[in-house]
Amino acid sequence: MQSACWFGRAHSAMLGGVAAHLYTEFNGRHIDVARLRLAIACLYRRHELLRLQLSAEGEVSISNTLPPDVLEIDDFLHLSEAQQQQKLEQKRQQWTHQQLKLEEGQTVRFSISLLDNQAFRLHIDADMIAVDPSSFRILMEDLAQFYADSNVFLPPPPSFYAWRSTMQQDKYEQQQQQRARQWWQARIAAIAPAPALPLNHSATAAAQSARLSATLNAGQTQQLRQLARQHRLTFSALMLGLFAYSLGKVTHDAAYRLNVPFFRREPLLPDIDKTIGDFADMVLLNIDMAEAPSLHAFCQRVAAEWRHCLDYRQFSGVNVMRHLSRHHATPQMAPVVFTAALDLPEKNLFSSRVHEYFGSMDWCISQGPQVALDAQFVQLNNHLLINWDIRLDALPQTWVNGLFERCLALINALIAQPECFTQPLQALSQHLNLTVSDDGTTPLNALQKAYLSGRSTAFALGGVAMQEFREYAGTLDLPVFRQRLADMVQHHASLRTCIDARRCVQWVNPQAIINLTEINLCGEEPALAAEKIATLRQHYQQALFDLQESPWDITLFQLTPQQFVLFARFDALILDGRAIAALMCELFTATPLIAASSQPQSRQQDSRRYDLAAAYWQQRLQAITSIPQLPWKQPLATLMTSSYSRQSAVLPRHTFQTLCRLGSQQGLFKNSLLMALILAVLNRWQQIPALLSVAVPVLPLYEGELSNQSTFIVATWPSTAAFIEQARKLQADTLEGLQHLAFSGVELARMLFEQHGQAPVLPVVITNGLSWPTLPPDSPVHYVSGLTQTPQVAIDIRFMLGSDGALLFNVDYAQAAISDAIIRDFLVALVNVCQQVADSGLDNIDSVLPQALSAAALNPDTQPATAAAWQRQQLMLIYRKVLHIEAAMAITTSQPFSQLGLRPAHVKEITGQINQIFRLALNPRQLIGCCNIEEVVHLLQSVMASA
């Protein structure tokens, strides 16, 4: 947990960049400042973790000296009451969002604000790397005891690190940890998804933490305790059930996971309950929202699940999250936390002595990496404090307010009418006016399900999402652009469509969430701005959406008041290529928004049409005996995953127009001729003479909301054939295939897999984008480039029109599957062939083709590894070795280190090995800022270049 908190400070992952800390304010009267300073000094001497120093490399040391000033004093007595309140509010905001200086030994910070009428406010901020919430109680109790008598002798508590070492060496604990590890590993696939929060996935927004709170009086608190006892529930379990039920009804999840912290103080050393440290851990609790007969039954179910998880608490929740991320091949989060301190032996969080000396704790707020909402329930002075810490940069305040009010209404209903607890849930919802409408979900189609499966590495060339990245540059009127995007999100249901991967359904969010990130680079030097954009591009274009919101994103870089670079990324779960092109044209123009005249017609066919289509494709596919035998780097079936790259080539407008005219004379459509030329050129790289088969995405004609209604058919090209004859056959086969779409592309792939028993079966795709909308030539914004990636696809060859009428060939390819040199030579050969045909005509193409292709390097040998490739290979070996990652475990150079299990203790060893292999003199600090292996490669190249 300490490692997770440390990473959360330094890295810019979703909801990261914050310290895990707890900030509290106590308000009281009559304080002796000198006495307080002396008490705090005693506190520092007693507890070693208050003197902990954590270097930038993650190395821990304990200082033997106290901080130079253990208590900061702000004297506001000379200010007016209004000015005092202003100062206090400014201080609250600053302390709420601060990061204590761990490298300087600042794990806790004390300050006192002196106010009128001998009033004071005591400010305490504690970093949870050293002082977890259970330790904060100890800190306050000891502080009160030292304030009462600084000479009091308190036996020294056990060392936190001695306790942790004892835990690690204890044989029984080792056995229990192994047992828990096996249980959680077997459970990974069954862990529910994170709740469907309306998260704003902005990568640059600063944390904006806020607090919602309510207090129930002593009588109301006692009524709830009595209700819990009556139904054999702990007080914490009752509040957990009420919160979980409220959240699930708002998110409409069938099941979701909650992050529930607990504190492990196994009594392996005497008096460990008096030690300050980080004893925190968490369990991932599945909340099943399946209909229960009553709220009582629901709470009992949740409580039983909680007890069951705690029985296997010896395997850290942080490790469970890492395994979960690897299982899904994408970083996973548990952004909603439920924290309760209601079943303490003393019942109240603090003793009366704490309140006597320091007043009432009237404010507390926490932050934590990857936490959007922390719902806390504690008892103070016999009152129940309901305190929710929320990230308003991540969650809409109106949404959180609605959830908070709903939860409070449920709690108050049970206080007013305890009998509601055992009544049918429907009656309770009606009583609260919380009726739940139809969830409005629709099932995912076969291709969407295939895309979801492709996100895992269970199949070859998996671990990626089918998505498209586009980059544009030009001039924009920023306010007009923002409004246009907001209008489009409200207008197009596809931009509000959310995917529930666990239930395989989709639903449209009625709330318009604008997935727009703005990054202002106006003050940067052009070279530095370009470097920052390039750095983000590498991650952005291949990063997977986490599906907690509609999977699309726009990131806008402002270079000058009018000049912008724009990144756009869309997941094919919601939009196909043509729809994406249409939306981007709509975004940059003032034309009326595309009308959705009707919903897409159902593509379900009657059984007769399906049977005819199945028979047709079975006959067509019999001739395919193997996947394309291109010069793959290694058998595709052995590739778990890969990063993707793009190479492009342009055919001038006049050349393309000549080709189209020549094709028309032979009865060939534009797309038919281009596909034939591509296949004829690609066929020359076949390692053995065989039928070349490729997937061709197609889109049935429909009217309605922009979405993804695409499927694909199979096209083939023989090893030897007269070009014109085969091009005509290709065109006829394509038109015929379009009449048999009742048998989906997913079913085609399954049929091919059954024939040759290996996957991927269609690793090459040819995508026709000639009909896709393009920006007008006079548009102030122009298309720059892009990238697509598709599960189980090694090469995607796309052709589309530029705004000037030129033809653009884009080849997106898996870098682990085929070399850059082969893709480059293929494009050179393709453009050469097109130019030769345009010059010589189609009549004698069968003699032109060999001549044109001879100018390109055919079947080149595997290129020797470049310096960068060798560096990546060596770094992968280093990180695998140090992090004990098995060879069978697929990892990529872009995976976050936090997902790979990197801890502070690893960084020094990794630095040493890098220096030894690359003959450098790096220090661990330089590696701290690197989030993945790819960034380490860039660091090495930069250091070597400057050497």
**OP:** Could you walk me through whether F235 and Q379 pass side-chain contact (heavy atoms from CB on, under 4.5 Å), step by step?
**Re:** CA-CA 11 Å; F235 196 9; Q379 186 166 313; 4.2 Å; yes
**OP:** State whether the number of non-hydrogen atoms from other residues, nucleotides or ligands found under 6.0 Å of H327 atom NE2 is greater than 12.
**Re:**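 More than 12 within 6.0 Å, yes.
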**OP:** Step through the shown structure and confirm whether more than 12 heavy atoms of other residues, nucleotides or ligands are within 6.0 Å of CD on Q185.
**Re:**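 Yes, enclosed.
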Is any side-chain heavy atom of [X] closer than 4.5 Å to a side-chain heavy atom of [Y]?
| X | Y | answer |
| --- | --- | --- |
| H97 | S209 | yes |
| L247 | F338 | no |
| I386 | S213 | no |
| F262 | F279 | no |
| I554 | N515 | no |
| C420 | L295 | no |
| T221 | Q223 | no |
| L22 | D125 | no |

**OP:** For residues F570 and F469, establish whether the separation of their ring centroids is below 6.0 Å.
**Re:**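 Centroid separation for F570 and F469: 6.0 Å or greater.
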Subject >> salt bridge (Lys or Arg N to Asp or Glu O under 4.0 Å) partners for R313, two or more places apart >> reply: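 By the salt bridge (Lys or Arg N to Asp or Glu O under 4.0 Å) rule, R313 matches E266.
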Check: [Y] main-chain N/O paired with [X] side-chain donor or acceptor under 3.5 Å:
| X | Y | value |
| --- | --- | --- |
| D281 | G317 | yes |
| S294 | Q423 | no |
| R496 | Q490 | yes |
| R484 | P479 | no |
| W507 | I499 | no |

Ignoring hydrogens and angles, state whether a donor on the side chain of [X] or [Y] is under 3.5 Å from an acceptor on the partner side chain.
| X | Y | answer |
| --- | --- | --- |
| Y451 | D571 | no |
| R391 | Q370 | no |
| D487 | Q483 | yes |
| D132 | S135 | yes |
| Q300 | H296 | yes |
| Q222 | Q226 | no |
| D374 | T339 | yes |
| D389 | Q376 | yes |
| Q506 | Q448 | yes |
| Q98 | H21 | no |
| D553 | T555 | yes |
| N348 | N381 | no |

**OP:** Show the numbers, then the answer: is there a side-chain hydrogen bond (donor to acceptor under 3.5 Å, both in side chains) between E89 and Q93?
**Re:** CA-CA 6 Å; E89 181 58 32; Q93 287 300 316; 3.3 Å; yes
Subject >> Pairs meeting criterion salt bridge (Lys or Arg N to Asp or Glu O under 4.0 Å) with involvement of residues 186-196, two or more places apart >> reply: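 For residues 186-196: R187-E305.
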Just how far is it from atom [atom1] of [X] to atom [atom2] of [Y], taken to the nearest 0.5 Å?
| X | Y | atom1 | atom2 | answer |
| --- | --- | --- | --- | --- |
| N319 | L324 | CG | CG | 12.5 Å |
| E405 | L408 | CD | CG | 8.0 Å |
| R301 | I287 | CZ | CD1 | 9.0 Å |
| I415 | L384 | CD1 | CG | 8.0 Å |
| Y23 | S366 | OH | OG | 13.5 Å |
| S360 | H383 | OG | NE2 | 11.0 Å |

Looking at every heavy atom in both [X] and [Y], which two are closest together, and how far apart are they?
| X | Y | result |
| --- | --- | --- |
| V131 | A126 | CB-CB, 3.9 Å |
| A237 | A303 | CB-CB, 3.9 Å |
| L224 | L216 | CD1-CD1, 3.7 Å |
| A465 | P791 | C-CD, 4.1 Å |
| Q367 | T96 | OE1-O, 3.2 Å |
| P198 | L395 | CD-CD2, 4.1 Å |

Original post:
By ring-ring contact (aromatic ring centres under 6.0 Å, His included), which residues pair with W184, not counting sequence neighbours?
Top reply: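 ring-ring contact (aromatic ring centres under 6.0 Å, His included) check on W184 returns nothing, list empty.
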Subject >> L258, D288, L285, L233 screened by side-chain contact (heavy atoms from CB on, under 4.5 Å) with V302, the one that passes >> reply: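 Testing V302 for a side-chain contact (heavy atoms from CB on, under 4.5 Å) against L258, D288, L285, L233 leaves exactly one candidate, L285.
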**OP:** Run the numbers on T24 and F136 for side-chain contact (heavy atoms from CB on, under 4.5 Å), then give the verdict.
**Re:** CA-CA 10 Å; T24 57; F136 188 74; 3.3 Å; yes
Cation-pi geometry met for [X] and [Y] (6.0 Å, 45°):
| X | Y | answer |
| --- | --- | --- |
| R211 | W388 | no |
| R92 | W363 | yes |
| R569 | Y540 | yes |

**OP:** Walk me through it: do S246 and F404 pass the test side-chain contact (heavy atoms from CB on, under 4.5 Å)?
**Re:** CA-CA 9 Å; S246 302; F404 188 74; over 6 Å; no
**OP:** Would you sort out whether S550 and I513 count as a side-chain contact (heavy atoms from CB on, under 4.5 Å), showing the intermediate values?
**Re:** CA-CA 8 Å; S550 187; I513 307 297; over 6 Å; no
**OP:** May I ask you to decide whether E518 forms a salt bridge with R482, counting only side-chain N to carboxylate O separations under 4.0 Å?
**Re:**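 A salt bridge is present here (some side-chain N lies under 4.0 Å from a carboxylate O).
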Subject >> Full working for side-chain hydrogen bond (donor to acceptor under 3.5 Å, both in side chains) between Q220 and R225 >> reply: CA-CA 9 Å; Q220 293 170 319; R225 278 193 179 276; over 6 Å; no
